[in-house]
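Shown next, in structure tokens, is the structure this report addresses.
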Amino acid sequence: MGSHPRKELAMASSLNETPAAERVHIGLFGCRNAGKSSLINALTGQDLSIVSDFKGTTTDPVSKAMEILPLGPVLITDTPGLDDEGALGEKRVKKARFVLRSTDIALLVVDAALGLSEADQRLLKEFKERKVPYLLIVNKIDIYSAPLLPQAEKDHLLFVSAQTHEGITELKERLSRMNPTAKAQRPLLGDLLAPGDLVVLVVPIDESAPKARLILPQQQTIREILDFHGRAIVVQPDELPSTVKAFHDSIRLVITDSQAFSTVKDMVPEDVPLTSFSILFARYKGELEAFIEGANELKRLKEGDRVLISEGCTHHRQCNDIGTVKMPDWIRRFSRKTPEFSFTSGKGFPDDLSSFSLIVHCGACMLNPQEVSYRQQLAKTENIPMTNYGIAIAYMNGILRRVLSPFPELVKKVK
């Protein structure tokens, strides 16, 4: 039987979409019936969210990947009302605040008839404390006159009507101008390359590799090499020695899956720079220096210490999974101790880290930089060391200084 053309089109579309982690995350917050769902529909030009006159229609955060011109690819999230009531309402409010962890731009939607509530004011304070760019959107100006609002918010104010679309064009323009991704975009590895540079990518194809495709970090790395007019050769570990021999004098950088460090380190001559996808993403998404300092704690682990191993994705775990099997085994062998391991995945990262002695995080390819920054800041606030898969594996293999050679200013951080 032939394949269904609509199914093929849908598959092609999903494969070519900008990954959620690379989109600008816009969160809509506010009290019930402030018009958050109506505003999303007006902003996107689609009926994405259910609109009702009854309070509490939105019971869970609802996200949608969109293109909003001139802003570009975004992930826009509608959240439950901040004034929801009862035990169930309290859980919904907690979910709404949870969205703020990964929010690049926050929109606080206020009903023009009511003005700022106490819940709104608390959230505004939190925006400022977390340094999240925000706009205060006063909705329903087609029905009510604008309320009196704090003078301090005048630079963040925007008056709109989700019903008549008054102010919606200006909202899109304001969003475009405050795009945090455009202001602080860090290259993945483009700053390490010159046009024509050759990069060798080591990609093991084993039981953990997805069928018939590359994983997101590998895809993004290849694309960035091409964007900066470099050349990429992709090999499995067995083909690496012959590749290095053939192109030694031309290789600018070798990038490997961190799990292959123990094998690859002996295949790549000392004069050829070596690093991993995970280390590149640690720099791209978070603060690499803090992850390096966290790795120093691996040798200080004591018997019974609690170690949190956290992954940003929710893939199906296999029998030889890196997070739940390989990493604990490596840490036990290296430290010669028997720590107690806990595991989280996806958005499930604890608010209270005080019981842990160390956090080991994945490369975070499925998380946006705002979420990674939140997690690192939380660990820093609670004085809990935090490192990254690639850095931890390199440290335990005794090659961390070597794989940081592309970033010489950070080598001295390794103790």
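These numbers were taken from a predicted model, which means no experiment stands behind them.
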Next item on the list: Would you check if Met178 and Ile105 make a side-chain contact, meaning some heavy-atom pair closer than 4.5 Å?
Entry: yes

Notebook entry, point to check: CG of Asp305 to NZ of Lys337: how many Å apart, nearest 0.5 Å?
Noted result: 9.5 Å

Checklist line | Short side-chain to backbone donor-acceptor contact, His361 and Gly312, under 3.5 Å | finding: no

Margin query: When you compare the side chain of Ile292 with that of Tyr395, does any pair of heavy atoms fall below 4.5 Å?
Written below: no

Check: Donor-acceptor pair, Lys326 side chain versus Asp321 backbone, under 3.5 Å?
Finding: no

Item checked: Gln236 side chain reached by Val203 side chain, heavy atoms, under 4.5 Å -> no

Notebook entry, point to check: Hey, are the side chains of Val234 and Ile222 touching, using non-hydrogen atoms and a 4.5 Å cut-off?
Noted result: yes

Item checked: Under the ring-ring contact (aromatic ring centres under 6.0 Å, His included) test, residues paired with Phe291 that sit two or more places apart -> none

Note to self: Any side-chain to backbone donor/acceptor pair from Glu224 onto Gly190? Under 3.5 Å, distance only.
What the structure shows: yes

Margin query: With rounding to the nearest 0.5 angstrom, report the OG to CE distance, Ser345 to Met366.
Written below: 12.0 Å

Next item on the list: Could you go through the salt bridge (Lys or Arg N to Asp or Glu O under 4.0 Å) check for Arg122 and Glu126 one step at a time?
Entry: CA-CA 6 Å; Arg122 286 195 297 270; Glu126 195 165 349; over 6 Å; no

Checklist line | Qualifying residues under side chain to side chain contact (heavy atoms under 4.5 Å, CB included), relative to Gln220, sequence neighbours excluded | finding: Glu22, Leu188, Leu216, Phe281, Tyr284

Notebook entry, point to check: Would Asn368 and Ser102 count as having a side-chain donor-acceptor pair, cut-off 3.5 Å?
Noted result: no

Notebook entry, point to check: How far apart are the C-alpha atoms of Lys140 and Asp111, what are their side-chain angles, what is the distance that settles it, and do they pass the salt bridge (Lys or Arg N to Asp or Glu O under 4.0 Å) test?
Noted result: CA-CA 6 Å; Lys140 305 183 183 179; Asp111 189 325; 3.0 Å; yes

Next item on the list: Ignoring hydrogens and angles, tell me if any N or O in the side chain of Thr381 forms a donor-acceptor pair with the backbone of Gln377 under 3.5 Å.
Entry: yes

Checklist line | Check: Lys265 side chain, Ile399 main-chain N or O, donor-acceptor pair, under 3.5 Å | finding: no

Item checked: Stepwise side chain to side chain donor-acceptor pair (under 3.5 Å) check, Asp78 with Ser37 -> CA-CA 6 Å; Asp78 189 7; Ser37 299; 2.5 Å; yes

Next item on the list: Sequence neighbours left out, what passes salt bridge (charged side-chain N to carboxylate O under 4.0 Å, His left out) with Glu166? Give chain and number order.
Entry: none

Item checked: Over 12 foreign heavy atoms within 6.0 Å of NE2, His248 -> yes

Next item on the list: Please confirm whether the backbone N or O of Gly348 pairs with a side-chain atom of Thr344, one donor and one acceptor, at under 3.5 Å?
Entry: yes

Note to self: For Val160 versus Ile141, what's the shortest heavy-atom pair and its separation?
What the structure shows: O-CG1, 3.2 Å

Next item on the list: Please lay out, stage by stage, how Val268 and Val202 fare under the test side chain to side chain contact (heavy atoms under 4.5 Å, CB included).
Entry: CA-CA 11 Å; Val268 180; Val202 185; over 6 Å; no

Next item on the list: Step by step, work out the side chain to side chain donor-acceptor pair (under 3.5 Å) result for Gln259 and Tyr389.
Entry: CA-CA 9 Å; Gln259 297 182 66; Tyr389 277 16; over 6 Å; no

Notebook entry, point to check: In chain order, what residues pass the side chain to side chain contact (heavy atoms under 4.5 Å, CB included) check against Asp329, with sequence neighbours excluded?
Noted result: Val325, Arg332, Arg333

Checklist line | Lys/Arg-Asp/Glu bridge criterion (N-O < 4.0 Å) met for Lys125, Asp120 | finding: no

Notebook entry, point to check: Quick one: salt bridge (Lys or Arg N to Asp or Glu O under 4.0 Å) pairs with a partner in residues 390-413, sequence neighbours left out?
Noted result: Glu270-Arg402, Glu289-Lys413

Notebook entry, point to check: Are the side chain of Arg252 and the backbone of Val199 linked by a donor-acceptor contact shorter than 3.5 Å?
Noted result: no

Next item on the list: Give the C-alpha distance, both sets of side-chain angles, the deciding distance and a yes or no for side chain to side chain contact (heavy atoms under 4.5 Å, CB included) between Ile255 and Ile279.
Entry: CA-CA 9 Å; Ile255 305 170; Ile279 290 173; over 6 Å; no

Notebook entry, point to check: Does a side-chain heavy-atom distance below 4.5 Å link Val360 with Leu308?
Noted result: no

Check: side chain to side chain contact (heavy atoms under 4.5 Å, CB included) between Leu358 and Leu301: does it pass, once the steps are laid out?
Finding: CA-CA 8 Å; Leu358 177 66; Leu301 286 174; 4.3 Å; yes

Note to self: Does Arg300 have more than 12 heavy atoms from other residues, nucleotides or ligands lying within 6.0 Å of its CZ?
What the structure shows: yes

Checklist line | Derivation of the side chain to side chain contact (heavy atoms under 4.5 Å, CB included) call for Gln219 and Ile215 | finding: CA-CA 6 Å; Gln219 295 176 37; Ile215 61 174; 5.9 Å; no

Check: What distance do Ser355 atom OG and Arg306 atom CZ have between them, rounded to the nearest 0.5 Å?
Finding: 3.5 Å

Next item on the list: Answer yes or no: does atom CE of Met267 have more than 12 heavy-atom neighbours from other residues, nucleotides or ligands under 6.0 Å?
Entry: yes

Item checked: Exam field: side chain Lys299 to backbone Ser335, donor-acceptor pair closer than 3.5 Å -> no

Margin query: Closer than 4.0 angstrom, basic N to acidic O: yes or no for Arg375 and Glu371?
Written below: yes

Next item on the list: Determine the minimum heavy-atom distance between Asn139 and Ala162, stating which atoms define it.
Entry: OD1-N, 3.0 Å

Check: Stepwise, does the side chain to side chain donor-acceptor pair (under 3.5 Å) test hold for Asn397 with Ser262?
Finding: CA-CA 6 Å; Asn397 274 277; Ser262 60; 4.7 Å; no

Check: Is the side chain of Asp257 donor-acceptor paired with the backbone N or O of Pro204 at a distance under 3.5 Å, no angle test?
Finding: no

Next item on the list: State, with a plain yes or no, whether a side-chain heavy atom of Ile168 is found less than 4.5 Å away from one of Leu39.
Entry: yes

Item checked: Backbone of Ser38 reached by a side-chain donor or acceptor of Asn41 within 3.5 Å -> no

Note to self: Between Glu297 and Thr387, is the side chain to side chain donor-acceptor pair (under 3.5 Å) condition met? List the steps.
What the structure shows: CA-CA 9 Å; Glu297 299 301 314; Thr387 190; over 6 Å; no

Check: Looking only at heavy atoms, which two atoms of Ala21 and Lys285 are closest? And how far apart?
Finding: CB-NZ, 3.8 Å

Notebook entry, point to check: Minimum heavy-atom separation for Val272 to Val254, with atom names?
Noted result: CG1-CG2, 3.8 Å

Notebook entry, point to check: Are side-chain heavy atoms of Leu43 and Leu171 found at a separation under 4.5 Å?
Noted result: yes

Notebook entry, point to check: For the residue pair Phe29 and Tyr134, is the inter-centroid distance of their aromatic rings smaller than 6.0 Å?
Noted result: no

Item checked: Atom CD of Gln218: over 12 foreign heavy atoms under 6.0 Å -> yes

Check: Hey, is NZ on Lys128 packed in by over 12 heavy atoms from elsewhere, all under 6.0 Å?
Finding: yes

Item checked: Pair listing, salt bridge (Lys or Arg N to Asp or Glu O under 4.0 Å) test, anchored in residues 347-370, at least two apart -> Arg101-Asp351

Next item on the list: Answer yes or no: is there a side-chain heavy-atom contact under 4.5 Å between Ile26 and Leu28?
Entry: yes

Notebook entry, point to check: Can you name the nearest heavy-atom pair linking Pro406 to Leu192, along with the distance?
Noted result: O-CD2, 3.9 Å

